[in-house]
Protein chains: 2
Amino acid sequence: MPKKRATSQDVANAAGVSRTTVSLVLNNVQGVNIPESTRERVRDAARDLGYVPNATAQALATQRARAIGLIMTRSPEHIASDVFLPQLISGLLTVIKKRDFRLLIEIVDGNADDRAYIKLAQAKHIDGMIILTPRSTDEGIKKLDEMNIPAVLIGGIPECRLTSVLADDRAASQQAVEHLTAQGHTEIACILNAREIYPDAQNRLAGYQDALKKADIPYRDSLVRFADFDPQSGQVAMEDLLKKEHFSAAFIASDNVAMGAKRAIREANLHIPEDISIVSFDDIPWAAYADPPLTTVRIPAQEMASKACVLLLDMIHGKKPSRQTFYLKTELVIRQSTQPYRP
Amino acid sequence: MPKKRATSQDVANAAGVSRTTVSLVLNNVQGVNIPESTRERVRDAARDLGYVPNATAQALATQRARAIGLIMTRSPEHIASDVFLPQLISGLLTVIKKRDFRLLIEIVDGNADDRAYIKLAQAKHIDGMIILTPRSTDEGIKKLDEMNIPAVLIGGIPECRLTSVLADDRAASQQAVEHLTAQGHTEIACILNAREIYPDAQNRLAGYQDALKKADIPYRDSLVRFADFDPQSGQVAMEDLLKKEHFSAAFIASDNVAMGAKRAIREANLHIPEDISIVSFDDIPWAAYADPPLTTVRIPAQEMASKACVLLLDMIHGKKPSRQTFYLKTELVIRQSTQPYRP
DNA sequence: AGTGTTTAGTAACGCGCGTTATCAGTCTAG
DNA sequence: CTAGACTGATAACGCGCGTTACTAAACACT
C-alpha cells in the first residue's frame, strides 16, 4: 500500500524512460514515433504503479479544467423544491461523461456578489457554464460574453447575445390555452409560474394572450396573477382569483404552482374539471398522478440540458454554435383536468 | 479590456513588491509582519487589476482542491426522477458555500468502472466525497477507507466502517404504523418502497412489524407488497391488494409509490380516508398538496446532506468524526389521509 | 566521404501559486 | 563597539504535468 501517489516521474523511472516519453505515450500524442515496445513498457509501468494523472497539474499545464459549471441563480430553498433539477442534471451528466468532463454545481442568490460565477470561470475552476433560468435583471450575464467566457443559457433572456436553449414557451402556452378555448371556455384565468421579472413568465403570458386574441376573447388584466414557483404562491393566487373573479377555466403556467391552486379550488368546495377546467405547464412526474390527472404542457428538460451541454462543450473546443437560440419542441399532454364549457 | 488575466506577479509589479509579499498579504498569513501601508498597496493593486487567484495553481501548490464530490451510484434515468436530489444538493450547497468549497456531481452506474469515483479522488479533483444510497454490493466502497480517502455515506450500508448519515427508517416506520393502530385499524396493508434487496425496504418492513407486534396484531405476509420506487409499481401493488385482501388502512413506504397506490384506490371507486386510511413515507414537497394531503413521515433530506457535508469537511481538515453513524430525526407529519377505524 | 533524413528520445521551460530559507538593514542590550 | 534580536521583504524551490526545441544515432543517397 503506497503512502504516496505515483507521479509520471515514477512511471518514467520504472519504465527506464524520460517523463516526456511517459506523457507522450499515455496521452497518445500524434505525430511522434515511439516504437510499440517502448510504449508497452510505459503502459505496463503505469498500470503496475496504479498511476492516475494529477488532474490539477494537468489543468494547470493545459489551461483547461475539463469541467463545466451549472449556475443556478436562485435561493437554496427554491432549489430544494426545483422539480426539473434532477432531469437537468441527468441530461448534463450523460453528455459530460462521454466527453470526460466534470460537472460543478454553483448557486448564486440574488443579494450575493453578482460576479460570483464569473469569478468561477476566471479562477479557471471551470471552462464554461450553463446558466439556469436567469433573471433578466442580472448584470453579470452581460459581462460574460464581453469576457469571452463560454456560456449557454437554459431559458434565455431577451436582448442577450449569449447562446441559449429554450422551449417555445409562448407557442406552447398558446396551444395550452387554445385547448381551453376550443372547448368553449371564454372566461379563462391565468396564473404565471413566476414573477414579472422572469422572461419565462412573460412569454407564457404572451402565449395566453395570443390564444385569447385568436379566439376573439378580450384580454382582462384582472384575471392574471403572478405566482412564485412554489405551490404556496399558487394557492394564494387562486384564492384571490376565486374571491374576486368569475371564470370556468384556468391556465396555470407550472404544475408546481398548480398543486397549490388545486388546493385552493378544493377548499372552496369546487371540483376539477366540473367547476373549473385546468391546463398547466411542465409535466412533472406527479402531474399524471394528481387527482384528477393534469392536462399539461411537457417541457423536455432533459433534452434541453443535453443540448445546452453539447453546445457548451463545442464552444469550449472552439466551434461556434450554428445559431444563437435553439428551441426545443414541447407537447400538450391531454389528461383529465379539463372538460367542455357548460354554463 | 485586458486580454490576459492578471497573475499574482502582475499584482506584485503593480504594487512594487515581490510575489511572495502579495501571496502573504492576500492570504492573510499569520506570523509575518508586513506594515499596513504595504498591505494596502498590495490590496489596491489587486483590486485595480481585478486579480482573481488561479484556483488550479492554488490547488496544485496546496495539494487541496477545495472541492467535494457527490457520488450517485445509479443510472441517469433514476437520477432524473430522484425526488430528493434537489433537497440534497440544496443542503450540500448551503454548507459548502460557507466554507468556500465547490461541489462536483459524479454518477457511477453499475456496469461502469467500479473504481471510477476513487480515481476522482486520486486525481485530486476532489478532497473527499459523499456517496448516495450505495449498493451493498459495491466493492469500491471498501477500498475507500483503505486508501484513506475522506468519505461519508448517506443511507449507509451494513458492516461498513465508513462514516454514515441516515434516518432511522425502522423506528420511523413503526411510528407511522402506530398512528394507524392507535386509530383502531387492525387490518393494515403494507407496500414497501423498493424490492427486498434494498436495506431501506427491509428496515421499513421491520418497523411495520414492530408496530403490529406492539398492538398485538398478527403479522400476515399476504398484506405486504414490494414496489419499485415509481408510482406505476405502487399502482400495480395496490390493485393486487385490493383484489385479494381486505384492509382498512395501508402503510406505503414512499410518497412516490403512494401516488400510484392512490390512483388504484380512486379507480376502484374507494376514497381516502373514508374507505382506506393511508400513511406514507418521505414527505416529498407534493405530499402536502395531494388530494387529500398525505400523512407521511418526513425524511430530513436537506439536513442529512448538511450533516454529511459538515462531517466530510471536518474529516478533510483532519478532525475525526465523534461517531461512525449519525441518525437524524424523522417526524410524522399528520395531514388528512387517515381517520379512525369505522366498521 | 559527405550530406540529408528519419528514428528515438530527452532537457528544459512554463503553467500560477504557496512556502521556506535567507538576507540586508535597523534597533536593542551589554 | 559589537553580538544578538527584530523588521521587512525576497530569491528560490516545489507542486505534477504538457510541450517545444533540440540531440544523438542510424540510415539513405549522391
Side-chain angles (χ1 to χ4, degrees), chain A residues 2-43 45-46 49-66 100 119 121-125 127, chain B residues 2-43 45-46 49-66 100 119 121-125 127:
Chain A
K3 203 90 193 160
K4 204 87 179 92
R5 296 229 40 73
T7 70
S8 67
Q9 183 64 64
D10 298 332
V11 177
N13 294 342
V17 295
S18 76
R19 212 173 48 67
T20 306
T21 306
V22 172
S23 175
L24 295 178
V25 169
L26 295 184
N27 292 336
N28 268 319
V29 176
Q30 301 298 321
V32 224
N33 45 23
I34 293 172
E36 191 55 36
S37 61
T38 307
R39 303 188 107 96
E40 272 187 19
R41 273 214 326 284
V42 172
R43 284 194 281 255
L49 292 172
Y51 171 66
V52 178
N54 182 318
T56 304
Q58 280 180 317
L60 186 58
T62 59
Q63 305 283 61
R64 279 274 157 85
R66 294 198 77 78
D100 191 29
K119 280 193 183 152
Q122 292 182 324
K124 303 285 181 191
H125 248 308
D127 298 321
Chain B
K3 202 91 192 160
K4 203 87 181 95
R5 295 228 42 71
T7 72
S8 67
Q9 182 65 62
D10 297 333
V11 177
N13 295 341
V17 295
S18 76
R19 213 173 47 68
T20 306
T21 305
V22 172
S23 176
L24 295 177
V25 169
L26 295 185
N27 293 336
N28 268 319
V29 176
Q30 302 296 321
V32 220
N33 47 23
I34 293 172
E36 191 55 37
S37 60
T38 307
R39 302 188 107 97
E40 272 188 21
R41 272 214 327 282
V42 171
R43 283 195 279 258
L49 292 172
Y51 170 64
V52 178
N54 182 319
T56 305
Q58 279 180 318
L60 186 58
T62 60
Q63 305 283 60
R64 279 275 158 84
R66 296 197 78 78
D100 192 28
K119 280 194 184 150
Q122 292 182 324
K124 302 283 180 193
H125 248 309
D127 298 321

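Labels below follow one simple rule: chain letters A, B, ... track the order of the sequence lines, proteins then strands, and each chain is numbered from 1. All figures in this text were calculated on a predicted structure; none of them were measured in a lab.
- Among the candidates A/V22, A/V11, A/V17, the single residue satisfying the side chain to side chain contact (heavy atoms under 4.5 Å, CB included) test with A/R41 is A/V17.
- Annotation for B/R43 and B/L26: closest pair CG-CD2, 4.3 Å, computed over non-hydrogen atoms.
- If you take CD on B/Q63 and CD on B/Q58, they are separated by 13.5 Å, rounding to the nearest 0.5 Å.
- Put simply, CG on B/N28 is 13 Å from P on C/dT19, counting in whole angstrom units.
- Residue whose closest nucleotide on DNA chain D sits further toward the 5' end, between B/A61 and B/T21: B/T21.
- In this entry the distance linking CG of B/L26 with P of C/dC17 reads 10 Å, nearest Å.
- No option in B/L24, B/V25, B/V29 other than B/V29 meets the side chain to side chain contact (heavy atoms under 4.5 Å, CB included) test with B/N27.
- Rounding to whole angstrom units, CG of residue A/L60 and C1' of C/dC13 are separated by 13 Å.
- One can place CD of B/Q9 at 11 Å from P of C/dC15, the figure rounded to the nearest angstrom.
- Distances shorter than 4.0 Å separate some side-chain N or O of A/Q58 from OP1 or OP2 on D/dG18.
- The nearest whole Å value for the distance from the CZ atom in A/R5 to the C1' atom in D/dC17 is 15 Å.
- OP1 or OP2 of C/dC17 has not a single side-chain nitrogen or oxygen of B/S23 nearer than 4.0 Å.
- Contact check, B/N33 against D/dC6: no side-chain N or O comes under 4.0 Å of OP1 or OP2.
- Between the P atom of C/dT6 and the CD1 atom of A/I34 lies a distance of 18 Å, rounded to the nearest Å.
- Between B/R41 atom CZ and D/dG8 atom C1' there is a gap of 11 Å when expressed in whole angstrom units.
- Inter-axis angle, ends of the helix from C/dA1-D/dT30 to C/dG30-D/dC1, five pairs per end, rounded to 10 degrees: 60°.
- Between B/T62 and the phosphate of C/dG18, there is no side-chain N or O to OP1/OP2 separation shorter than 4.0 Å.
- B/D127 places no side-chain N or O within 3.5 Å of a backbone atom of B/R64 that could act as its donor or acceptor partner.
- A donor-acceptor pair is defined here as one N or O able to donate and one able to accept, closer than 3.5 Å; such a pair exists between the side chain of B/R39 and the backbone of B/I34.
- Remark: B/T56 engages A/T56, A/A59, A/L60, A/K124, B/N54 in a side chain to side chain contact (heavy atoms under 4.5 Å, CB included) (not counting sequence neighbours).
- Side-chain contact annotation: A/S18 with A/T21, donor-acceptor N/O pair under 3.5 Å present.
- Here A/T38 lies in heavy-atom contact (under 4.0 Å) with sugar-phosphate atoms only.
- Straight-line distance from the OH atom of A/Y51 to the C1' atom of D/dG18: 10 Å, rounded to whole Å.
- In the interface, the side chain of A/T20 is paired with the base of C/dA11 through a donor and an acceptor atom under 3.5 Å apart.
- Residue A/Q63 has a polar side-chain atom (N or O) positioned under 4.0 Å from OP1 or OP2 of C/dG16.
- Residue-level contact check: A/V32 touches neither bases nor backbone, having no heavy atom under 4.0 Å from any strand.
- If you check distances only, the side chain of B/R19 does reach the base of C/dG18 with a donor-acceptor pair under 3.5 Å.
- Proximity of B/T7 to the phosphate of C/dG16: no side-chain N or O atom is located under 4.0 Å from OP1 or OP2.
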